[in-house]
Amino acid sequence: MRPLKILQLQKEHGLDFVADCVLDLLSDFPKATATQTIVDECAKDKVSSPATTHKKLNQLKSMGFVETVDHPNDKDKRKCYIKVSGKGMEYLTNWEGAAK
């Protein structure tokens, strides 16, 4: 995608490049994953610090791009599991397909 299209897509949805990268990393996990896993991945890949990752995940959740889900096996509720929502997948698809 060309830089101008990226900027327009981000402005249209109120996101920035770091939020896009956090969402993209989360989409690499086919099933719901622990929030801490995404925080660790973002730190490892130098996308964002743990605090910034939590901030971006909260932003993405409030916008409906990420959703919190119950894990089928983890019943103690101490971990938060998240996944990309349908809206988030649509946004990522637009990111990939708007190269025109």
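Worth knowing before you read on, the calculation uses all heavy atoms, side chains too, and leaves out hydrogens, waters and symmetry mates.
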dist L23:CG -> K87:NZ (nearest 0.5 Å) comes out at 11.5 Å
In the hydrophobic cluster built from side-chain contacts under 4.5 Å, what are the other members alongside L7? none
Treating S85 as the side-chain partner and E67 as the backbone partner, does any N or O pair qualify as donor plus acceptor under 3.5 Å? no
When rounded to the nearest 0.5 Å, the distance separating SG of C80 from CD1 of I38 is 11.0 Å
If you count the non-hydrogen atoms of other residues, nucleotides and ligands that lie under 6.0 Å from NZ in K61, is the total more than 12? yes
Under 4.5 Å between side-chain heavy atoms, counting indirect links through other Ile/Leu/Val/Met/Phe/Trp/Tyr residues: same cluster for L15 and V84 or not? yes
Using a side-chain heavy atom cutoff under 4.5 Å and only I, L, V, M, F, W and Y, what cluster partners does Y81 have? V69
About how many Å separate CD1 of I6 and CG of L9, when rounded to the nearest 0.5 Å? 8.5 Å
Could you check whether any side-chain N or O of Q59 sits under 3.5 Å from a backbone N or O of G14, counting only pairs where one atom can act as donor and the other as acceptor? yes
Verify side chain to side chain contact (heavy atoms under 4.5 Å, CB included) between F65 and L92, making sure each step is shown before the conclusion. CA-CA 10 Å; F65 288 81; L92 289 174; over 6 Å; no
Might you work through the side chain to side chain contact (heavy atoms under 4.5 Å, CB included) test for K83 and F29, ending with a clear yes or no? CA-CA 8 Å; K83 69 176 187 173; F29 293 86; over 6 Å; no
Considering residues at least two apart in sequence or located in another chain, which fulfil the side-chain hydrogen bond (donor to acceptor under 3.5 Å, both in side chains) criterion with Q8? none
Would you compute the distance between atom NZ of K55 and atom CG of N58 and round it to the nearest 0.5 angstrom? 10.5 Å
Within this structure, what is the NZ-OG1 distance for the pair K79 and T33, rounded to the nearest 0.5 Å? 9.0 Å
For E90, enumerate each residue passing the side-chain hydrogen bond (donor to acceptor under 3.5 Å, both in side chains) test, keeping only those at least two apart in sequence or located in another chain. none
Are L25 and V22 close enough that some pair of their side-chain heavy atoms sits under 4.5 Å apart? no
Hits for side-chain hydrogen bond (donor to acceptor under 3.5 Å, both in side chains) against D16, two or more places apart or cross-chain, chain-then-number order -> K56
When rounded to the nearest 0.5 Å, the distance separating CG of N94 from NZ of K5 is 11.5 Å
Could you list the donor-acceptor pairs under 3.5 angstrom formed by side chains in residues 43-50, with sequence neighbours left out?
residue: K44; atom: NZ; partner: E41; partner atom: OE1; Å: 3.4
residue: S48; atom: OG; partner: T53; partner atom: OG1; Å: 2.5
residue: S49; atom: OG; partner: T52; partner atom: N; Å: 3.2
residue: S49; atom: OG; partner: T52; partner atom: OG1; Å: 3.1

Would a 4.5 Å heavy-atom cut-off, applied to side chains only, mark Q10 and D20 as touching? yes
Can you hop from V39 to F17 via hydrophobic side chains spaced under 4.5 Å? no
